[in-house]
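Step one of this worksheet: look at the structure below.
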2 protein chains.
Amino acid sequence: MPLSREKIAATAIRLADAHGLDGLSVRKIAKELGVGPMRLYDYVINRSELLDLMVDVVYARIAEVDQHSEWRATVLAVAHATRDVALDHEWFSDLLGGRPHLGPHALAVGEATAAALSQAPGVRSLDDLQRALGALNAFIIGAVRREVTERRTARSTGTDEAAWQASLGPYLTRMLKTGRYPTVARLVIDGVHLDAEETFNHNLTTVLDGITSRPRT
Amino acid sequence: MPLSREKIAATAIRLADAHGLDGLSVRKIAKELGVGPMRLYDYVINRSELLDLMVDVVYARIAEVDQHSEWRATVLAVAHATRDVALDHEWFSDLLGGRPHLGPHALAVGEATAAALSQAPGVRSLDDLQRALGALNAFIIGAVRREVTERRTARSTGTDEAAWQASLGPYLTRMLKTGRYPTVARLVIDGVHLDAEETFNHNLTTVLDGITSRPRT
DNA sequence: CCCGTTACCGTACACTGTATTGGTGGATAC
DNA sequence: GTATCCACCAATACAGTGTACGGTAACGGG
């Protein structure tokens with residue numbers, strides 16, 4: 001098999017899954033494929049384009065979700081799908097929103113959510129749709145990003161309470177002891193660990209409710 | 001003046017403003033300061049810590065906003081302030097949400113928004129506050145990120161219509177001509193360029209309205 | 001006087017993205 | 001059958017990166 005953009009993207013994704021975006025280099029991909037580093041540049045113009053390629057492969061998985069007749073179901077499905085793939089490929093969240101996603105599959109999911117949102121009550125004009133899309137996408141990007149970095153720090157410091165107290169603890173507890181951040185302190189100390197998916201879903205419907213019930217103009 | 005974390009952070013910010021995060025290297029900062037590269041590691045443990053330093057300096061500017069008695073006014077002020085500084089320091093949006101922000105000034109703005117949100121109607125329990133904070137921050141992060149990358153691509157392709165048609169045009173118009181993305185096509189072709197700040201404000205109030213008017217549970 | 005601390009500096013290493021230059025082998029055209 | 005092209009492949013080279021490591025010179029307190 002002669003090597004192709006697809007194969008390159010696939011192994012690049014594998015490596016990025018394993019070692020993160022920082023641990024991903026052209027040379028390592030090439031070595032993994034058993035070829036010289038420069039071979040890749042016959043298929044890809046840049047490292048950036050390689051990343052775009054990987055991103056669109058992931059978007060393809062998002063685009064697989066079923067289209068529901070109800071607009072809200074479709075939006076929910078797409079949102080949860082992007083959360084799911086972002087948790088599978090954490091580097092995806094680093095790229096999400098960082099550059100315009102114009103690959104065919106990215107456009108497909110853009111189309112799906114736009115079409116669904118255009119049928120929501122409260123979005124009447126094209127301007128409304130534009131704004132609603134912006135709000136929805138902003139939330140998804142930010143929420144996924146937050147969750148992934150949270151998960152990363154949890155993993156690096158160690159999940160258990162003790163390890164956490166040992167690493168972030170000294171600095172953070174000292175900070176909170178100053179009394180300058182009472183609300184944050186209450187959140188950190190008394191806050192329970194909410195289920196991530198449920199929180200995502202909850203906030204997502206919050207945003208959707210905000211969109212459908214236009215308050216002013 | 002003997003060199004200090006503050007001076008390092010300041011010149012690092014200057015360089016990042018001018019050439020972006022990719023154009024920022026330890027060696028360039030050192031050269032700008034007229035010292036050897038290794039000097040910086042006497043004040044900073046990592047490049048990452050350097051970035052954290054820069055981030056917290058920017059958070060200091062956000063923390064300067066006045067506290068209003070009305071919770072909504074405070075939240076709006078903080079949100080717009082972070083948007084403003086992100087537009088001044090575009091690299092900030094690349095870091096936003098990418099790692100936990102635990103600097104003193106970051107904690108200060110966290111405290112301010114948390115305290116304000118806790119007084120909003122509809123957030124009664126600590127869990128509610130946690131979720132509301134999540135939703136708000138997710139939106140801010142995503143919205144700012146989106147706007148900055150939009151601004152970047154607009155600048156790189158050229159603002160005027162002609163240059164845009166020349167760069168992205170060929171590929172995008174070809175894609176849209178396929179008819180597979182009708183809604184996106186309508187958005188791209190017939191969509192007017194909405195005022196960015198107004199859109200941000202609009203969507204922000206949408207999110208806040210969603211938070212205050214709890215639908216279920 | 002010594003001695004620890006603080007500010008400072010240079011060299012070196014492993015690694016990055018990519019420009020450049022070249023060499024195959026087989027298909028096609030005459 | 002020979003020439004020509006082209007997809008595929010490989011090696012070398014360069015400028016730039018983060019940072020580990022080992023050092024020097026001034027100075028203030030005992």
Side-chain angles (χ1 to χ4, degrees), chain A residues 1-57 90-92 94-95 98-99 103 149 152-153 156 167, chain B residues 1-57 90-92 94-95 98-100 103 149 152-153 156:
Chain A
M1 330 149 257
L3 192 58
S4 63
R5 286 166 70 95
E6 288 74 19
K7 285 191 55 172
I8 293 177
T11 76
I13 288 177
R14 276 214 333 272
L15 287 185
D17 286 346
H19 309 104
L21 261 197
D22 294 346
L24 181 73
S25 73
V26 176
R27 302 169 120 96
K28 287 179 187 164
I29 302 172
K31 179 159 291 182
E32 186 80 8
L33 286 166
V35 303
M38 285 307 110
R39 284 296 325 284
L40 303 194
Y41 288 91
D42 291 338
Y43 299 86
V44 145
I45 198 175
N46 260 346
R47 187 190 134 103
S48 301
E49 189 176 293
L50 214 172
L51 297 183
D52 287 345
L53 226 72
M54 298 165 60
V55 165
D56 209 55
V57 170
E90 296 190 342
W91 50 268
F92 184 69
D94 297 325
L95 268 15
R99 70 181 76 243
T149 73
R152 278 205 258 242
T153 65
S156 81
S167 62
Chain B
M1 336 146 251
L3 190 58
S4 64
R5 285 165 72 94
E6 288 75 19
K7 285 191 55 173
I8 293 177
T11 76
I13 288 177
R14 275 214 335 269
L15 287 186
D17 286 345
H19 308 105
L21 261 197
D22 294 347
L24 182 73
S25 74
V26 176
R27 302 168 119 95
K28 287 179 187 164
I29 303 172
K31 179 160 293 182
E32 185 80 8
L33 287 166
V35 303
M38 282 308 110
R39 283 302 323 287
L40 303 194
Y41 287 91
D42 293 337
Y43 298 85
V44 148
I45 198 175
N46 260 345
R47 188 188 133 105
S48 302
E49 190 176 291
L50 213 173
L51 297 184
D52 287 344
L53 227 70
M54 297 165 60
V55 165
D56 209 56
V57 170
E90 296 189 344
W91 50 268
F92 184 69
D94 297 325
L95 267 16
R99 72 181 74 245
T149 74
R152 278 204 259 242
T153 65
S156 81

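Each chain gets a letter, A, B and so on, in the order the sequences are listed, and its residues count up from 1.
Between A:Asn46 atom CG and C:dT18 atom C1' there is a gap of 9 Å when expressed in whole angstrom units. Whole-Å rounding puts the B:Leu24 CG to D:dG16 P distance at 16 Å. Atom pair B:Leu50:CG and D:dG18:P shows a separation of 10 Å (rounding to whole Å applied). Atom pair B:Tyr41:OH and D:dC21:C1' shows a separation of 13 Å (rounding to whole Å applied). Rounded to a whole Å, the CZ atom of B:Arg47 is 16 Å from the P atom of D:dG16.
To the nearest 0.5 angstrom, A:Arg5 atom CZ is 9.0 Å from A:Leu50 atom CG. Within the model, atoms CG of A:Leu15 and CE of A:Met54 stand 8.5 Å from one another, a figure rounded to the nearest 0.5 Å.
A donor-acceptor contact shorter than 3.5 Å is absent between the side chain of B:Arg27 and the backbone of B:Pro37.
The phosphate of C:dT6 (OP1 or OP2) has no side-chain N or O of B:Tyr43 nearer than 4.0 angstrom.
Between B:Asp94 and B:Arg152 a salt bridge is recorded (basic side-chain N to carboxylate O distance below 4.0 Å). Using a 4.0 Å cut-off between a side-chain N of Lys or Arg and a carboxylate O of Asp or Glu, B:Asp17 and B:Arg14 do not qualify as a salt bridge.
For C:dG17, its base sits under 3.5 Å from the side chain of A:Arg27 at one donor and acceptor pair at least.
Across residues 28-40 of chain A, A:Val35, A:Met38, A:Arg39 each have a non-hydrogen atom less than 4.0 Å from an atom of DNA chain D (numbered order).
Out of D:dC9, C:dC8, D:dT19, the shortest distance to the side chain of A:Asp42 is found at D:dC9.
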Decide yes or no on side chain to side chain contact (heavy atoms under 4.5 Å, CB included) for B:Leu21 and B:Leu51, but give the supporting numbers first.
-> CA-CA 9 Å; B:Leu21 261 197; B:Leu51 297 184; 4.0 Å; yes

